[in-house]
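Structure record follows, encoded as structure tokens.
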Amino acid sequence: MTVTGHGVNRARVTEIGTREEEEYRRRTPRSAELFERARQSMPLGVASSFQAYDPYPLFMTDARGPRISDADGNEYIDFDMAFGVLAAGHSHPILAEALQYRVANGTCYTFPVEDGVALAEEIKARFGADLVRFSNSGTEATMDAIRVARGYTGREKIIKFEGGYHGHHDDVLVSIQPPRDRMGPEDAPNTVPASAGIPRSRIAETIIAPFNDPEILAAILEAHCGEIAAIIVEPVQFNIGVVPPRPGYLERLCELADEHSIVLIFDEVKTGVVLAWGGAYEYFGVQPDLFCLAKSIGGGIPIGAFGGKRSVMASIETLEGTPAFSASAAGSGIERSTMPGGATRVAHLGTFNGNPLSMTAGLVTLTQILTKDVYPRLHAMADALTAGCQAVLDEFELPGYAINVGPKGCVMFTPGRVTNYRDFIGLDTELWTASFFYLANRGILLPPGPDDQWTLSVQHTEAEVDRYIAVFREFAAELTA
Ligand SMILES: Cc1ncc(COP(=O)(O)O)c(C=O)c1O
């Protein structure tokens, strides 16, 4: 018998994991069938590689409030909530009604709509921003924000943190979860592409730093003085479980960015309007130069947004008055901008940007569902879920801890606290997998990977939280029986 951590029996973990995966297959033959069919027409049988997991993903048919049903008619309490999109819950009745009108009255004009103006005003108010622009996804939002930062500063390199995820464009699809043997030294991590097909020239533009370590970052900034356009950061690293910033860390990031005249970008795709009414900006009281939003702001309809300080965002109108412009103006006076080709503003485009469907969805979600008064209850429920899971871990002496930041949390199956990606690699993935299938088979649905976390919505209740804790307790009891 192999025993690890605080007495987890490895053989028992394997036994339960195998048994529960078999049970998963037994309960979901229709999903298996659909998966086989899907593989004939889509690589990995899914529309986004994040949806693929072994042995096959559940195919879903219906969802309402906190519940979702699969193609075999099994119902789950949804704690995944579409990778954290659904702080409003599935098909919130207010949103469903508003969208019925919208669907019947045109969903795409490529002319501006009043709801878009109102939504931009709402986002400005929540995030203390001067200007906002819309896109259709988080990927587009971070891609656009980075281009704006480059245009504004006239510099080309960016800094991203190891373990951070900012979407699937080339600049940031690096060092997401690099393998141990390729990640390089802790104080100078390698830029490891997370995909084939990313040109070397792009990889060279992204410098990697460890999260939560301001000294190493300061040294990297010194080494690349005058080269860095932007630092992009998830204020809480929510793509390696839940890794909060150390106290004072975000403030220090701000200072360092200011000292080096770098645009600080908060990627609030997961945190925005979820951690608090004003996202991480309100929750931590730290204001970046730019922020990116997506996921929850649309209540389940595709949308993205980015915004921030007028001085930076105005690069979309003109580069005149930006550091990029003055740098060249101070020189020969021939080039009007340091941009290649002498471009005089930053392009931000998109056929579906600001479409009426997304604008109405965003406006209704933010002004009628995720209103200021809902956050205390969301936090209380999330704290109760964490406390309940922690009590189970303590009672059965399992190696792990429960953690949440606002309505998002998880159980990290590792005895030590995770402060960055390198700690996260120590996670007991076999134990996590066994728990995933055990819970799913009993109607508790989590995201299909230890790098994601549960998200509570305004439509969850205490009863669902209690059910999660009860099933998790059954799992722990069986594991240690
Ligand atoms: C922090 C963060 N930024 C950006 C993205 C990309 O968003 P999207 O999948 O909408 O392109 C994600 C997606 O999970 C994310 O978690």
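One-based numbering, in listed order, for ligands and for the atoms of each. Values below: every heavy atom of this structure, side chains too, minus hydrogens, waters and symmetry copies.
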Exercise for review: Kindly check if the number of other-residue, nucleotide or ligand heavy atoms within 6.0 Å of CZ (R252) is above 12?
Suggested key: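 Enclosed.
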
Review point. Do the ring planes of W454 and Y468 sit parallel (below 30°), tilted (30 to 60°) or perpendicular (above 60°)?
Key: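 Ring orientation, 0 to 90° scale: perpendicular.
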
Check your understanding: Once the angle between the rings of F436 and Y24 is folded into 0 to 90°, is it parallel (under 30°), tilted (30 to 60°) or perpendicular (over 60°)?
Key ->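 Rings of F436 and Y24: tilted, 30 to 60°.
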
Review point. Can you name the residues that come within less than 4.0 Å of ligand 1, going by heavy atoms only?
Key: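 Under the 4.0 Å cut-off, ligand 1 touches S137, G138, T139, Y165, H166, G167, E234, N239, D267, V269, K270, K295.
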
Point to revise | Rounded distance [0.5 Å steps], NE2 in H260 versus CG in L221 | key: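 Spacing of NE2 (H260) from CG (L221) equals 4.5 Å.
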
Check your understanding: Do R417 and Y401 meet the cation-pi criteria used here (NZ or CZ under 6.0 Å from the six-membered ring centre, within 45° of the axis)?
Key ->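 Cation-pi check for R417 and Y401: passes.
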
Review point. Can a donor-acceptor pair be found between the side chains of K309 and Q287 at a distance below 3.5 Å?
Key: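 No, no side-chain donor-acceptor contact under 3.5 Å.
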
